[in-house]
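Report on the structure given below.
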Amino acid sequence: MKSIIIFGASGRVGQKLVEYGLENKHKITAFVRDMSKIKITSPNLEVISGDVFDSEGVIKAIEGKEIVISALSGRATKPDYSVLSAGVQNMINGMHKFNLTRFLNVAGAGILDDREFGLRRNRPNYPETFRLVSAENWKVYQYLQNSSINWTMVCAPEMPESGKTEIYRTAIDYLPDNGRRISVEDVADFILKNLDTKSIFKSRIGIAY
């Protein structure tokens, strides 16, 4: 059993992380703005109402945990996605304060490497609607690189809600060839199966079918 705090726990990936985390007998803390969005109840679930822009609140919530997961998406505040970089910076500060070392988060595939254009987000056909959130994900990547924690960024392309298959491809720094989508359920599945996988520490992981 791990003690895990999930930021953005009321989102599409976040809710699956909470559900699967509890199924795997972990002790879960869900950090959300609106507690009513968490419908699950369990003796192993604590729900905290808070704002990731509130550094003191984030740091207090992290105390006593073993693993920090960010499933923030910025959907509720778009086109302002600054919640991603500001929130993760507060999480990093909290982790440093309490000597936590393991952090995982969900990001888009735009920040993965591209053999022709450097990054996927530099491709001429990269969707304009994703450029703002991708810029924030890149900030998060830079923050993590400058930290001392063992981070993993799980970088996904299109994420429909289409069920858990547990069958998918992954690659370090790149999106698997011709990968176009991955379900939110399988993103959550991958994260929870790789909480302690040292081979993906300090790495961007592309994931797709």
Side-chain angles (χ1 to χ4, degrees), residues 2-22 26-108 111 130-156 159 184 187-188 191-192 195 202:
K2 300 283 188 183
S3 178
I4 305 170
I5 184 166
I6 301 169
F7 291 89
S10 63
R12 297 187 311 141
V13 177
Q15 289 192 46
K16 294 302 176 183
L17 286 167
V18 172
E19 178 185 341
Y20 300 161
L22 291 171
H26 295 303
K27 184 178 180 181
I28 303 294
T29 298
F31 189 100
V32 294
R33 284 177 301 176
D34 184 354
M35 295 175 67
S36 69
K37 291 186 177 181
I38 302 296
K39 307 299 185 184
I40 298 176
T41 58
S42 166
N44 286 332
L45 175 63
E46 176 187 16
V47 183
I48 295 177
S49 176
D51 188 330
V52 295
F53 284 107
D54 173 14
S55 59
E56 290 186 8
V58 169
I59 291 170
K60 181 180 179 182
I62 284 174
E63 185 175 8
K65 309 305 185 294
E66 295 174 80
I67 296 174
V68 178
I69 300 176
S70 172
L72 297 175
S73 69
R75 282 172 172 262
T77 58
K78 63 181 182 182
D80 178 9
Y81 291 98
S82 60
V83 64
L84 300 179
S85 59
V88 170
Q89 184 66 76
N90 288 334
M91 294 172 211
I92 292 171
N93 291 341
M95 292 183 70
H96 283 159
K97 179 172 181 178
F98 298 115
N99 298 313
L100 275 66
T101 59
R102 187 64 174 129
F103 175 83
L104 302 97
N105 78 305
V106 181
I111 63 167
F130 296 149
R131 290 193 183 278
L132 290 175
V133 66
S134 182
E136 279 296 308
N137 282 325
W138 185 252
K139 285 184 186 179
V140 169
Y141 176 50
Q142 292 175 313
Y143 290 163
L144 292 171
Q145 283 186 305
N146 291 326
S147 76
S148 61
I149 61 179
N150 292 321
W151 54 269
T152 300
M153 296 188 78
V154 181
C155 303
M159 281 192 294
V184 296
V187 170
I191 288 173
L192 289 167
L195 297 175
K202 300 183 186 297

Quiz item: Considering residues, nucleotides and ligands other than E56, do more than 12 of their heavy atoms fall under 6.0 Å from its CD?
Solution: no
If we only count heavy atoms from C-beta on, is the H96 to S147 side-chain gap below 4.5 Å? yes
- Task: Show your reasoning for whether side-chain contact (heavy atoms from CB on, under 4.5 Å) applies to K60 and I48.
- Result: CA-CA 11 Å; K60 181 180 179 182; I48 295 177; over 6 Å; no
Result for side chain to side chain contact (heavy atoms under 4.5 Å, CB included) between I149 and one of L144, V68, N99, L100 points to L144
Practice item. Flag the pair V184 / V106 as yes when at least one side-chain heavy-atom distance between them is below 4.5 Å, and no otherwise. Key: no
Heavy atoms of L45 and A30 approach each other most closely as CD1-CB, 4.2 Å
Rounded to the nearest 0.5 Å, the CD1 atom of I191 sits from the OH atom of Y20 at a distance of 11.5 Å
Rounding to 0.5 Å, atoms OG (S42) and CD1 (I28) come to a distance of 9.0 Å
Margin query: Is any side-chain heavy atom of F7 closer than 4.5 Å to one of N105?
Written below: no
message: Does I6 form a side-chain contact (heavy atoms from CB on, under 4.5 Å) with H26? I'd like the steps, not just the answer.
response: CA-CA 12 Å; I6 301 169; H26 295 303; over 6 Å; no
Should I4 and K27 count as side-chain neighbours, where that means a heavy-atom distance under 4.5 Å?
-> no
Q) Any side-chain heavy atom of V52 within less than 4.5 Å of one from N90? A) no
* Asked: With side chains defined as the heavy atoms from C-beta onward, is the minimum distance between V88 and I92 less than 4.5 Å?
  -> yes
For D51, does its backbone N or O pair with a side-chain atom of R33 as donor and acceptor, under 3.5 Å? no
Here the gap from L192 atom CG to E19 atom CD, rounded to the nearest 0.5 Å, amounts to 10.5 Å
Output for pair (I67 CD1, R102 CZ), nearest 0.5 Å, gives 7.0 Å
task: Report the C-alpha separation of I69 and L195 in whole Å, then their side-chain angles, then the decisive distance to 0.1 Å, and conclude whether the side-chain contact (heavy atoms from CB on, under 4.5 Å) test is met.
output: CA-CA 10 Å; I69 300 176; L195 297 175; 4.2 Å; yes
(request) Run the numbers on S36 and D34 for side chain to side chain donor-acceptor pair (under 3.5 Å), then give the verdict. (result) CA-CA 5 Å; S36 69; D34 184 354; 2.6 Å; yes
*Whether W151 and Y141 hold their rings parallel, tilted or perpendicular, with breakpoints at 30° and 60°*: perpendicular
Counting distance only, does the side-chain N/O of R12 pair as donor-acceptor with the main-chain N or O of M159 below 3.5 Å? yes
For the pair K37 and V32, evaluate side-chain contact (heavy atoms from CB on, under 4.5 Å) and give the outcome as yes or no after the intermediate values. CA-CA 8 Å; K37 291 186 177 181; V32 294; over 6 Å; no
May I ask you to decide if S85's main-chain N or O and E136's side chain share a donor-acceptor pair within less than 3.5 Å?
-> yes
Quiz item: Cut-off 3.5 Å, side chains only: do E66 and S3 have a donor facing an acceptor?
Solution: no
